[in-house]
Amino acid sequence: MLTLPFLREFPDAVRAGLKKRHMPTGLVDEVLAADEQRRKLQAEWDGLAAEVNDLSRRVGELLRSGNAAEAEALKEQVATRKATQAVLSARQQEVEARLDQGLLAIPNMPHASVPEGKTPEDNEVYRAWSGPLPVLPDGARPHWELAESLGIIDFPAGVKLTGSGFPVFRGKGARLQRALINFFLDEARAAGFEEIQPPLMVNADSARGTGQLPDKEGQMYYVEKDDLYLIPTAEVPVTNLFRDVILEEKDFPIRLTGYTPCFRREAGAYGKDVRGLNRVHQFDKVEIVVIEHPDRSYDTLMQMCEHVAGLLDKLELPYRILRLCGGDMGFTSALTFDFEVFSAAQQRWLEVSSVSNFETYQANRLKLRYRHPETKKTQLAHTLNGSALALARIVAALLENHQDDQGIRIPTALHRYTGFERID
RNA sequence: GGAGGAGUGGCAGAGUGGUUGAUUGCAACGGUCUUGAAAACCGUCGUAGGUGCGAGCCUACCGGGGGUUCGAAUCCCUCCUCCUCCGCCA
């Protein structure tokens, strides 16, 4: 969330940011009003607390000198102050609830370079595909048909075991997935990322830290008995490693990567756009996360994009990079680049990666700070992350784009990981 | 899952109801000394909110939450985590 000092100092900037996202701006004044009330109540309460502390000390002194009567009189004075404090606390709780709620409802401020726009159609093509789009043989098929006829993904089996959206990968399909995971992790390690194997379930504090709660509560699977959430992305556990952490400036940048399955409820999503692997409830993903100094986070964002672009090049997939417009950008992001692979068989671009700079928005919730070497003050760090890459859709794109009359050609970069060069 | 013990500042470790945000040691930082370094000595050395131009002052926080009391790190309840023993187990 935004910090209160920022909101207080630049309310117009916040309103402008909300407008760019096509969101109402009324919240700004509500939050500012609540903030002022809260501070007033706090000051009043603090004053009373100071008096109570002082009176209590004097009660102790009086009791030790045997002056019980006077002590009793002071006790009464304490009681009246505490009664007032109780009233103030109740009001403060109410005000704070409003303040928190309002603050949580304000999204991150879009970076200056974020294009104007409301819908995905308004996203800017930041880097178009320069090469030719693949020309597929006659009778080219979408991945769900290919996968079924090659026997590498069993969708009905997943329905039997669990339900819709939980595909079963078999044989070379399973091996291809494992190969991709290892390939992505090795590439990330080569680029300086430390590999993390995090828990696949997190508590509510972690879900709040990266912004899944409260905005995306319905998106996560929840284990009620233990009050835990299945992670929708490795971003949640990996970034939360740095919740309540104060770093030194020399610690930057912190580069982490992690492979995890990801669980998403995707409630209500059915139809042609979600067929096959386009949208599933469980998929595998290698995520990259960077904790960075505010001065360098945008350079780092571009580096992360180049890393993702390099992966797609090695997989020989045609892709384009979009700069998301204000209306399409995620709630917590300041600037997001989406990577889309062209699916020749479906004749559409499929999102396979999203790389974002959250600036201090997540860090504020996480209380992730660093110490300024000169002032010794703590300041919020910047957090970034991106998919590098999301498996299921990459598999879909590989199958569709690399199909020929006989079957599927595996890109050269993967051969040492798969141990086979074709799926026929 | 059952029984017992414990959770204090970066670490170690005091503190069991009254100026204790907290003794002390180590680490860290600044300084004196030194050609330089070490040692020694002096000083600084948690986070956050409020207030003041400022030195500063006020408030909260001793695993989380609640309670008792004029007053809680200290007493009570509850949850969490760790350790020991038993049970179960990939």
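Protein chains get the first letters and strands the later ones, always in sequence-line order, with residue 1 at the start of each.
Phosphate contact (OP1/OP2 of B:U69, side-chain N/O of A:S56, threshold under 4.0 Å): absent. Regarding contacts with the backbone of B:A48, a side-chain N or O of A:R369 is found under 4.0 angstrom from either OP1 or OP2. Close to B:G46, at under 4.0 Å from its OP1 or OP2, lies no side-chain N or O of A:R371.
Base pairing of B:G9 is not made with any nucleotide, judged by Watson-Crick or G-U wobble geometry with both donor-acceptor distances under 3.5 Å. Base pairing analysis places B:A48 opposite B:U59; the two distances defining the Watson-Crick or G-U wobble pair are each below 3.5 Å. Nucleotide B:C29 forms a pair with B:G43, judged by Watson-Crick or G-U wobble geometry with both contacts under 3.5 Å. Shown here, B:A22 forms no base pair; nothing in the strands shown gives a Watson-Crick or G-U wobble contact with both key distances under 3.5 Å. In this entry B:U84 has B:A3 as its Watson-Crick or G-U wobble partner, both defining distances falling under 3.5 Å.
As rounded to the nearest Å, B:C61 and B:G9 have P atoms that lie 16 Å from one another. Across B:U44 and B:G36, the matching C1' atoms stand 25 Å from one another, rounded to whole Å. Across the P atoms, B:A40 and B:G50 are found 43 Å apart, a figure rounded to whole Å. Look at the C1' atom in both B:A90 and B:U23: the space between them is 49 Å, to the nearest Å. To the nearest whole angstrom, the two P atoms, one in B:C76 and one in B:C26, are 35 Å apart. Going from the P atom of B:A72 to that of B:G5 covers 26 Å, rounded to whole Å. Comparing B:U24 with B:G15, their C1' atoms are spaced 11 Å from each other, to the whole Å. Comparing B:G1 with B:G67, their P atoms sit 28 Å apart, to the nearest whole Å.
Within 6.0 Å of the CD atom in A:Q197, the count of heavy atoms belonging to other residues, nucleotides or ligands does not exceed 12. The neighbour count for A:R422 CZ, taken as heavy atoms of other residues, nucleotides or ligands under 6.0 Å away, is above 12.
Between A:Y222 and A:Y229, the ring-plane angle classifies as tilted under the 30° and 60° cut-offs.
Aromatic pair A:F337/A:Y126: ring centres closer than 6.0 Å. Between A:F252 and A:Y370, a ring centre-to-centre spacing shorter than 6.0 Å is recorded.
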Quick one: which protein N/O atoms are closer than 3.5 Å to N/O atoms of nucleotides 26-30 of chain B? Pair and distance per line, please.
none

Item to check | B/S/- contact track for nucleotides 59-66 of chain B, protein heavy atom under 4.0 Å | outcome: SS------
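Atom OH of A:Y370 is separated from atom P of B:U47 by 15 Å (rounded to the nearest Å). A:R38 has its CZ atom 9 Å from the P atom of B:G49, to the nearest Å. In this structure, A:L99 atom CG and B:G49 atom P are separated by 13 Å, rounded to whole Å. Across the protein-nucleic acid pair, A:N364 atom CG and B:U47 atom C1' stand 15 Å apart, rounded to whole Å. A:I246 has its CD1 atom 12 Å from the C1' atom of B:G9, to the nearest Å. The separation between A:D205 atom CG and B:C79 atom P is 18 Å, rounded to whole Å. One interatomic measurement links the two molecules: NZ of A:K377 to P of B:C45, which rounds to 14 Å at whole-angstrom precision. Atom CD of A:E72 is separated from atom C1' of B:U69 by 12 Å (rounded to the nearest Å).
The only option from A:R91, A:R98, A:Q92 that meets the side-chain hydrogen bond (donor to acceptor under 3.5 Å, both in side chains) definition with A:E94 turns out to be A:R98. Checked options A:Q77, A:R81, A:Q85; the residue passing with A:E51 is A:R81 (criterion: side-chain hydrogen bond (donor to acceptor under 3.5 Å, both in side chains)).
Closest to the side chain of A:T378, from the set B:C70, B:G50, B:U47, is B:U47.
Contacts of A:R243 classified as side-chain hydrogen bond (donor to acceptor under 3.5 Å, both in side chains), with partners at least two apart in sequence or in another chain: A:S206, A:N240. Residues passing the salt bridge (Lys or Arg N to Asp or Glu O under 4.0 Å) test with A:D154 are A:R170, sequence neighbours excluded. Remark: A:E148 pairs with no residue by the side-chain hydrogen bond (donor to acceptor under 3.5 Å, both in side chains) rule, at least two apart or across chains.
Within the nucleic acid shown, A:R81 has no heavy atom closer than 4.0 Å to any nucleic acid atom.
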Only pairs under 3.5 Å count here: list side-chain donor-acceptor contacts from residues 101-112 of chain A, not counting sequence neighbours, and write none if there are none.
from: A:N108; atom 1: ND2; to: A:T332; atom 2: O; distance (Å): 3.0
from: A:N108; atom 1: ND2; to: A:F358; atom 2: O; distance (Å): 3.1
from: A:H111; atom 1: ND1; to: A:S113; atom 2: N; distance (Å): 3.1
from: A:H111; atom 1: ND1; to: A:S113; atom 2: OG; distance (Å): 2.9

